[in-house]
Amino acid sequence: MDVRHLDLLRELADRGSISAVAAATHRTPSAVSQQLRTAQRELGTALVEPHGRGVRLTDAGRLLAEGAVEVATALADVQARWEAFRDVPAGTVSVAALPSAASYLFPALERDLAGSGVELRLTDLDLAEAQYGAMTADHDVVVAHSMTSVRPPGTDGLVVVPVVDEPLDVAMAAHHPLAARSTVSPADVVDAAWVGVPRGFPFDTVLQNVEQATGVRLDVRQRLLDNRLVEALVASSLRLAALPRFTTPVGEGLVLRPLTGVPAVRHLAAVMRPDRARRRAVRHVLDALVEAARSTARRHDVVV
C-alpha cells in the first residue's frame with residue numbers, strides 16, 4: 001500500500017474534485033487521474049466512481065482516505081519526537097488568519113519567533129464563518145472566528161484550539177447621541193441606521209441578536225467587508241456598526257460602546273489538520289499565537 005496513494009485519496013476527500021487536487025498539488029488533472037488509476041489497479045478495487053461531471057470516493061476510497069489521516073498523524077508524531085530529541089522546532093509553518101485578528105497576531109508572531117528556526121508563511125483570509133475549515137488543506141494553522149461556538153462550523157475532524165474571546169462593540173461617531181453612554185442595549189440601538197457585513201459573516205450575528213431581542217428588523221444601509229471602510233462611514237455619520245474591540249481605532253472621531261443584553265463576543269480559534277497539529281514547529285507557533293492574542297486581550301481589560 002503506497003502512502004502517496006493514501007495522501008491522494010485524502011486530498012480528494014478534502015477538496016472534492018480532481019481539478020482542485022491537481023491545482024493544490026501542482027500537477028495536471030490527467031496526472032492525478034493516472035495516479036488514481038494506478039492506486040485502483042494496485043489495490044484491486046474501485047476507489048472513485050462517476051458523480052455528476054466529476055467523481056467521488058467509493059466506500060473503499062473513503063475508508064482509505066480516513067486511514068490516510070491516521071497514517072499522516074502517526075508520521076507527524078514520529079517527526080515531533082525526532083524534533084524534540086534534536087531540540088530544534090524547525091521548518092516552515094503556514095498561518096492564515098482573518099485580517100482583523102491578523103493585524104495584532106502576525107506582528108507578534110514574527111517578533112516572538114525571530115531566530116527560533118521556524119519560518120513563517122503568512123496569509124490573510126476574509127471568509128464566511130463556515131469556510132475556514134477547508135483552508136486547513138492549504139495552511140498549517142488557520143485562525144477562524146465564530147459567534148456561536150469555539151468550534152466554527154465546517155471543522156469536523158479537525159483539531160480546534162481556543163485562542164481568545166473578543167468582544168464586538170457598537171461603533172459610533174464621537175458626536176453620536178449614544179456616545180454619552182458607557183454601554184448600550186438593544187433597545188437603545190434598534191432605531192438607528194447601521195453599516196453591516198455580508199450575510200453569513202460572523203459580525204452579522206450581533207445584528208441578528210438585536211433583532212431577536214427587540215422583534216424589530218434593523219435598518220442596515222450598507223453591507224461591507226473592510227473594517228477600515230466601515231469605520232470611516234460610521235465616524236462621518238450617525239450610523240452604527242458592530243466592530244471588534246481589539247483592533248478598532250478609537251479617539252479620532254470614533255468610539256466603541258459595549259452592547260449589553262445579547263451575545264456580542266466572537267470566539268477566535270486555531271484550526272488544524274490532526275497530523276499538522278502534531279508538528280513541534282506548529283505547536284511552537286500555536287503557543288506564540290495564543291500568548292499574542294491573550295496579551296492583546298489583557299491590554300483591553302478583557303479577562304482571559
Side-chain angles (χ1 to χ4, degrees), residues 1-15 20-27 32 35 65-99 101-125 127 131-145 152 155 157-164 268-296:
M1 185 175 292
D2 193 328
V3 173
R4 291 173 299 177
H5 293 161
L6 297 180
D7 288 339
L8 174 61
L9 294 170
R10 179 187 186 182
E11 290 295 332
L12 186 55
D14 284 349
R15 299 182 187 277
V21 173
T25 57
H26 309 290
R27 289 179 285 179
V32 172
Q35 189 176 358
E66 293 168 0
V69 177
E70 298 172 10
V71 171
T73 302
L75 289 173
D77 278 336
V78 174
Q79 180 68 32
R81 292 200 296 273
W82 175 243
E83 291 175 350
F85 176 78
R86 297 181 63 215
D87 197 27
V88 180
T92 299
V93 177
S94 58
V95 183
L98 57 144
S103 62
Y104 60 86
L105 293 177
F106 285 178
L109 282 181
E110 289 207 318
R111 181 186 65 245
D112 295 344
L113 295 174
S116 68
V118 175
E119 180 180 347
L120 292 170
R121 189 169 72 245
L122 305 175
T123 304
D124 61 320
L125 297 171
L127 305 171
Q131 295 177 317
Y132 281 94
M135 295 299 101
T136 59
D138 297 312
H139 305 280
D140 296 314
V141 181
V142 176
V143 180
H145 57 169
T155 58
L158 300 172
V159 174
V160 176
V161 176
V163 173
V164 73
L268 270 69
V271 184
M272 298 158 284
R273 280 182 166 186
D275 51 315
R276 294 179 180 177
R278 298 289 207 282
R279 289 181 54 203
R280 191 171 183 222
V282 169
R283 296 201 308 271
H284 199 59
V285 168
L286 183 61
D287 289 343
L289 188 152
V290 171
E291 178 52 36
R294 296 183 178 180
S295 177
T296 300

With sequence neighbours left out, the residues meeting side chain to side chain donor-acceptor pair (under 3.5 Å) with T25 are R27
Side chain to side chain donor-acceptor pair (under 3.5 Å) filter on D138, not counting sequence neighbours, yields R15
Which is it for M272 and V161 under the side-chain contact (heavy atoms from CB on, under 4.5 Å) test, yes or no, and what are the steps along the way?
-> CA-CA 9 Å; M272 298 158 284; V161 176; 3.7 Å; yes
Those residues at least two apart in sequence (or on a different chain) that pass salt bridge (Lys or Arg N to Asp or Glu O under 4.0 Å) with D7 are none
Value for CD (E70) from OG1 (T73), rounded to nearest 0.5 Å, stands at 8.0 Å
Value for CZ (R276) from NE2 (H139), rounded to nearest 0.5 Å, stands at 9.0 Å
#### Entry: Side-chain heavy atoms of T123 within contact of M135, under 4.5 Å
no
By salt bridge (Lys or Arg N to Asp or Glu O under 4.0 Å), D14 pairs with (sequence neighbours left out) R273
Expected output: side-chain R121 to main-chain V95 donor-acceptor under 3.5 Å: no
Residue set satisfying side chain to side chain contact (heavy atoms under 4.5 Å, CB included) with P99, at least two apart, ordered chain then number -> D124, D126
Nearest heavy-atom approach of G157 to P274 is O-CG, 3.5 Å
Sorted by chain and residue number, the salt bridge (Lys or Arg N to Asp or Glu O under 4.0 Å) partners of E291 (sequence neighbours excluded) come out as R298
* Do the non-hydrogen side-chain atoms of T296 and V164 ever get within less than 4.5 Å of each other? -> no
What one should report as the nearest heavy-atom pair of A144 and V271 is CB-CG2, 4.2 Å
If we only count heavy atoms from C-beta on, is the V143 to L98 side-chain gap below 4.5 Å? yes
Output for pair (L113 CG, L289 CG), nearest 0.5 Å, gives 9.5 Å
R111 meets the side chain to side chain donor-acceptor pair (under 3.5 Å) criterion, sequence neighbours left out, with none
Taken in chain and number order and not counting sequence neighbours, the residues that satisfy salt bridge (Lys or Arg N to Asp or Glu O under 4.0 Å) with D77 are R278
Note: L9 and A65 closest approach over all heavy atoms is O-CB, 3.7 Å
By side chain to side chain contact (heavy atoms under 4.5 Å, CB included), E119 pairs with (sequence neighbours left out) T92
Checking V93, L109, D112, V282 against V118 for side chain to side chain contact (heavy atoms under 4.5 Å, CB included), the one that qualifies is V93
Those residues at least two apart in sequence (or on a different chain) that pass side chain to side chain donor-acceptor pair (under 3.5 Å) with S295 are R299
Residue set satisfying ring-ring contact (aromatic ring centres under 6.0 Å, His included) with F106, at least two apart, ordered chain then number -> none
Side chain to side chain contact (heavy atoms under 4.5 Å, CB included) filter on A134, not counting sequence neighbours, yields none
Paired with R10, the side chain to side chain contact (heavy atoms under 4.5 Å, CB included) test is passed by just one of V71, V21, D275, namely D275
NE2 (H145) and CG (L127) are apart, to the nearest 0.5 Å, by 8.0 Å
